[in-house]
**Q** 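Would you mind keeping the following structure in view while I ask a few things?
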Protein chains: 2
Amino acid sequence: MPKFSPPDKELKEATRAKLCAAPPPPDDELDPRIEVLVNDLIGRVADRWTMIILEVLAEHGEMRFTQLGRMVKGISQKMLTQTLRQMERDGLLTRTVHPVIPPKVEYKLTDLGLSLGAAFCGVWIWAEENYEIIEQSRRKFDASLNKS
Amino acid sequence: MPKFSPPDKELKEATRAKLCAAPPPPDDELDPRIEVLVNDLIGRVADRWTMIILEVLAEHGEMRFTQLGRMVKGISQKMLTQTLRQMERDGLLTRTVHPVIPPKVEYKLTDLGLSLGAAFCGVWIWAEENYEIIEQSRRKFDASLNKS
DNA sequence: ATTCATACTTACCAAAAAGAGAGTGTCAAA
DNA sequence: TTTGACACTCTCTTTTTGGTAAGTATGAAT
């Protein structure tokens, strides 16, 4: 299940440097571990529902299953359970079962979950700021295809 | 093709506020436009290859097709072409064809592409900082499944 | 006795994404 | 004359993903 090698300080430093700094002297190849790490991260953060659930939960605090299902429009029960479980597994939220009838389960973001929301803020803002530019670029691109 | 309604200032403000600020007084439902926007963004930024290509390109500056293919390990020609085209369409990079034989095509990040890399920095750092915590959480979760 | 609510799980099926591998065109080198 | 480099494209197959719908357990309300 742990599908990549253990991270170490140097890896972390290298990784951060590469994405955040100006291009350093090009070396021949990327550390493969970095790539697997990237893949894994992106996969973690970047499915259809995780960030939306995160957002709803950040907004409303503690919530129950059906309540969440109503907020996150278009999600099926299956996907809701699945995504919630993944997030729980990753430590982004806690799941509290109250042994009553009818059942009551409450979901709540952990500090880790909240911090992910905050971290994602940069991308969010970028997207807002550049949303129209991208749309424009797409229109231009598509138009140039039709002409040729 | 534009599958959601045009964004406006209020939407943008609301969106940013919701992700970045502390939980405001809960209202009953999320603006559906916000969700579509989120979906779209995430889809744009968050596939298997886009960020990796972005990173390689940020590191090395201008690069050719085969060269990129060697750097981005595990990617197939198909996916490389596909991702590159999407990124071009979105205005993240430029594609310059030199009409020589054998063919020579060069890919280079635009300012938009570079700024996306910078924006993604937050998520990157978050992931580095919390990588071990997540792994630990997963191990604990999986272990608790085996016991029960 | 039947229905309802809650929080799921399971089985089945369709659609989408992605990999593998062969083909294309051109010229230059061996 | 065959091979190779480059930057693809095309087709076929496999894998992954996600939706639908039904089933489950429990007790309370009608």
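Throughout, a chain's letter reflects where its sequence line sits, starting with A, and its residues are numbered from 1. Quick caveat: nothing in here was measured; it's all calculated off a predicted structure.
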**Q** What's the spacing between A/Ile134 CD1 and B/Asp90 CG if we round to 0.5 Å?
**A** 5.5 Å
**Q** Is A/Val97 reachable from A/Met63 through a run of hydrophobic residues whose side-chain heavy atoms are each under 4.5 Å from the next?
**A** yes
**Q** Base, sugar-phosphate or nothing for A/Thr81? Non-hydrogen atoms, less than 4.0 Å.
**A**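 Touches a base.
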**Q** Which parts of residues 92-101 of chain B get close to DNA chain D, meaning a heavy atom less than 4.0 angstrom away?
**A**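 Nucleic-acid contacts, sorted: B/Arg95.
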**Q** Could you run through nucleotides 11-25 of chain C and give me one letter per nucleotide, 5' to 3': B if any protein heavy atom sits under 4.0 Å from the base, S if only the sugar-phosphate is that close, - if neither?
**A** -------BBB-B--B
**Q** Measuring from B/Glu59:CD to B/Leu109:CG, what's the distance to the nearest 0.5 Å?
**A**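 It comes to 11.5 Å.
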**Q** Can you check the B/Leu84 CG to D/dC8 P distance for me, whole Å?
**A**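 After rounding, the reported distance stands at 8 Å.
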**Q** For B/Arg64, enumerate each residue passing the side chain to side chain donor-acceptor pair (under 3.5 Å) test, keeping only those at least two apart in sequence or located in another chain.
**A**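 Counting only residues at least two positions away or on another chain, B/Arg64 forms no side chain to side chain donor-acceptor pair (under 3.5 Å).
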**Q** Whole angstroms only, please: what is the CZ-P distance between A/Arg70 and C/dA5?
**A** 11 Å
**Q** Whether B/Arg85 contacts D/dT9 is assessed here as follows: a side-chain N or O lying under 4.0 Å from the phosphate OP1 or OP2. Is that the case?
**A**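 True: B/Arg85 side-chain N/O within range (under 4.0 Å) of D/dT9 OP1/OP2.
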**Q** Between C/dA7 and A/Arg64, is there an OP1 or OP2 to side-chain N/O distance shorter than 4.0 Å?
**A**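 Affirmative; the distance criterion is met.
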**Q** Between atom CZ in A/Phe65 and atom C1' in C/dC8, what is the gap in whole Å?
**A**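 Going from CZ in A/Phe65 over to C1' in C/dC8 covers 6 Å.
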**Q** Using 30° and 60° as the class limits, which term best fits the ring planes of B/Phe120 and A/Phe120: parallel, tilted or perpendicular?
**A** perpendicular
**Q** Same hydrophobic cluster for B/Leu93 and A/Ile133, using side-chain heavy-atom links shorter than 4.5 Å among ILVMFWY?
**A** yes
**Q** Just one of B/Asp111, B/Leu84, B/Leu112 clears the side chain to side chain contact (heavy atoms under 4.5 Å, CB included) bar with B/Leu92, so which one?
**A** B/Leu112
**Q** In whole angstroms, how far is the P atom of D/dT20 from the CG atom of A/Leu80?
**A** 14 Å
**Q** Atom OG1 of B/Thr50 and atom CD of B/Gln86: how far apart are they, to the nearest 0.5 Å?
**A** 6.0 Å
**Q** Using 0.5 Å steps for rounding, measure from the CE atom of A/Met71 to the CD atom of A/Glu55.
**A** 11.0 Å
**Q** Write down the distance between CD (B/Glu106) and P (D/dC8), rounded to a whole number of angstrom.
**A**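 Distance check: B/Glu106 CD to D/dC8 P gives 12 Å.
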**Q** Expressed as a whole number of angstroms, how long is the span from A/Leu68:CG to C/dA7:C1'?
**A** 12 Å
